[in-house]
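Chain letters run A, B, ... following the sequence lines, proteins first, then strands; residues in each count from 1.
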Amino acid sequence: MNSPAVFADVSPYFFFIFAGMAILFSTMVVFKKNPASSAFSLVLVFFAFAGIYAAMDAHLVAALQILVYAGAIMVLFVFVIMLLSSDVPSLDMKRSGLMTRIAAVSAVALLLVGLIYVFKNNPSLLPKGPHSPEKIAQVGGNTRAISQLMFSDYLLPFELTSVLLLVGIVGSVALAKRKMGGTK
Amino acid sequence: MNLAAMDMIDWVIFLAKPVLICVIMLQVVPIMVWVERRGSALIQNRLGPNRIGPLGLLQSLADAIKMMTKEDFIPGHVMGFYYQLAPVLCVVPAFMTFAVIPFAGNLVMDGRTIHFQAADLNVGVLYILSITSLAVYGIIMAGWASNNKYALLGSLRSSAQMISYELTMGLALVGIIMTFSSVQLADIVAGQSQTLIQLGPIAIPKLGIFVQPIGFFLFTTAVFAETNRLPFDLPEGESEIVAGYHLEYSSMKFGLFMMGEYISMAVGSALISTLYFGGFQMLPGMGWLHGQIVQAAALPQLQADLLRVGFEIASFTAKTGFWLWTFVWVRWTIPRFRYDQLMDLGWKFMLPVALLNIFATGFFIYKGWI
């Protein structure tokens, strides 16, 4: 999965279909006037990503991508959008000034040049890790390999993350209660 | 799976399984509509539909013809594209979940192993959870695209309900995953064929319901809430929000929402049977019968295996059928909840109990009792 030729064993057709979908729907997220349409497009972007992960045999990451992003986070986004008034366009569609447009185009061009330069000169950006596909198959699949690591070597960071999430929940409840006019 | 290395027969098997599953699932809908109507009549001491065909069996066919030939009216104030898309999004995830449910043991034929499961993913249960979490989009989209406040309120209610009970469902499944130490449904089914206790000549198998009784109740309740069935059918309410999220839908588009509900019911029943009742493991007595038939007719290996697959499919169907009937049974027996009661039950009772269940399971496994 993390060998240098990372896309070599992925069927190129699948990759181009899903990558194309991802780019298409990402642009729709930006250009759709209606915020709910943007949100639904973003769900499809997550699906395209999940498709790419699945094509790379990372089924667990693909399932989690859909479960967490498409199934949980985006549902909350859509909720918020529907509860707020939905007729406010997300983008100010007034025609922008000439300077802004030139700046935008040159920024995109610069980014493209930078990316091409980086990928041309470093074909193997990803360092080779210990978890080759053969090793993962030996342990018994992605799910088992990841959970073994998560509950042994990375137990402390994993638990700390959950504490961090708890702090986030408590903090948001505390803030919301104060705004609602608590007496303290 | 290596697509290039598959020959003709592999391709036929590969394509036949999803088609077979979809066709069978589509048959569940009219049958269950009939069972629902006759069953409710039975429980309420009425007759139910009895005019069309023997025992009213063709009533569902008549209903389907009515649905399809009715005028497909689209109100002027809806958001066209999303309005059309929403019913489809309600049906598709329901079908997709069935892909990972095994409905019979492996069959070796001509040196080729056939898995009776459309896709043996090594994320099994997680795939089910992620697809279930998508079902909510169809409902949100329907309510929003209908551009009607009753529909929007109905869809908000329904999606809040589904999100709340998804948590319990996921946590209830954790218990099963811990017990059988796998997320793959085929492994979970295989794990349930082990013997839990030997009582004289009778071996009690390690069924999910014996090792995870609390998890079973939590999961079943969550499935009822996820499918929006009574006693949790809060998305609709004639006196409050009329028909809820499908208020603006008519003819076959409304039919698709109904199909989605029945297919989710079938998937939920199949899941309950698979996770807690041994899935395709044969019903008591069937294994003995199978042995007798094989011995009496002196069947060769292949035919004995084919017979075994037949028995396993029959057992799986019987278990799923029982749970489908339970959905109907509960619907016409228990009155519906009020919305705040539903939320209290989900967040203040089921969620803590599900967490406790995980701790208890961990303790039992640590002690080596299961």
Side-chain angles (χ1 to χ4, degrees), chain A residues 9-11 13-14 28 32-44 46-47 50 53-55 57-87 133 136-137 139-148 151, chain B residues 1-4 79-82 85-86 89 93 96 100 119-147 149 151-153 155-160 162-164 166-167 169-170 174 177-178 181-184 187 245 362:
Chain A
D9 45 1
V10 176
S11 160
Y13 305 108
F14 283 125
M28 275 172 68
K32 278 278 179 183
K33 279 186 199 168
N34 193 319
S37 305
S38 295
F40 289 135
S41 309
L42 192 54
V43 175
L44 290 173
F46 290 140
F47 262 93
Y53 297 145
D57 272 348
H59 294 129
L60 180 68
V61 184
L64 291 182
Q65 168 86 12
I66 292 179
L67 181 62
V68 176
Y69 284 99
I73 295 179
M74 281 318 291
V75 172
L76 291 182
F77 267 52
V78 173
F79 246 66
V80 172
I81 290 170
M82 291 201 325
L83 288 174
L84 299 175
S85 99
S86 63
D87 45 4
I136 288 174
V139 184
N142 280 310
T143 317
R144 214 169 270 274
I146 289 180
S147 31
Q148 266 168 9
F151 289 105
Chain B
M1 181 178 296
N2 191 352
L3 292 179
M79 308 189 158
F81 177 68
Y82 293 106
L85 189 61
L89 284 186
M96 282 167 70
V100 294
D120 188 13
L121 302 176
N122 72 30
V123 289
V125 173
L126 291 173
Y127 169 85
I128 292 175
L129 284 176
S130 44
I131 299 300
T132 328
S133 68
L134 295 177
V136 77
Y137 279 108
I139 290 173
I140 292 186
M141 208 180 265
W144 174 73
S146 292
N147 208 356
K149 56 190 164 205
L152 187 65
L153 285 173
S155 82
L156 281 176
R157 252 192 192 188
S158 170
S159 29
M162 285 170 90
I163 292 169
S164 311
E166 245 161 49
L167 292 173
M169 194 165 154
V174 171
I177 296 171
M178 285 165 79
S181 166
S182 174
V183 286
Q184 270 159 288
D187 290 353
Y245 58 87

Handout entry: Interatomic distance, A:Leu64 atom CG to B:Leu129 atom CG [nearest 0.5 angstrom]
Key = 10.0 Å
Problem - Set of side-chain hydrogen bond (donor to acceptor under 3.5 Å, both in side chains) partners for A:Ser41, sequence neighbours left out - result: none
Exercise for the section: Pick whichever of A:Val43, A:Val68, A:Leu76 has the most heavy-atom pairs under 4.5 Å with chain B. Expected result: A:Val43
Handout entry: Heavy-atom contact with chain A under 4.5 Å, split by part of B:Thr132
Key = neither
Practice task
Sort B:Ala160 into side chain, backbone, both or neither according to what part of it lies under 4.5 angstrom from a heavy atom of chain A.
Solution key: both
Practice task
Taking B:Tyr127 for its side chain and A:His59 for its backbone only, find out whether a donor-acceptor pair lies under 3.5 Å.
Solution key: no
Practice task
Could you check which of B:Ile163, B:Leu156, B:Ile131 has the highest count of heavy-atom pairs closer than 4.5 Å to chain A?
Solution key: B:Leu156
Practice task
Specify the closest pair of heavy atoms between A:Val78 and B:Tyr137, including all atoms of both residues, with the distance to one decimal.
Solution key: CG2-CE2, 4.3 Å
Exercise for the section: Evaluate the ring planes of A:Phe40 and B:Tyr82, with Trp represented by its six-membered ring, and classify them as parallel (under 30°), tilted (30 to 60°) or perpendicular (over 60°). Expected result: tilted
Exercise for the section: Quick one: closest heavy-atom pair of A:Phe47 and B:Leu134, and the distance? Expected result: CZ-CD1, 3.1 Å
Completion exercise
Taking every heavy atom of A:Arg144 against every heavy atom of B:Ser181, the minimum-distance pair comes out as NH2-O, 2.8 Å
Problem - Contact summary for A:Gly71 and B:Ser133, nearest pair of heavy atoms - result: CA-OG, 3.4 Å
Problem - Within 6.0 Å of OH in A:Tyr69, more than 12 heavy atoms from elsewhere - result: no
Problem - Closest heavy-atom pair and its distance - B:Ser130, A:Ala63 - result: CB-O, 3.6 Å
Handout entry: Interchain contact, A:Ser37 with chain B, by part (heavy-atom threshold 4.5 Å)
Key = both
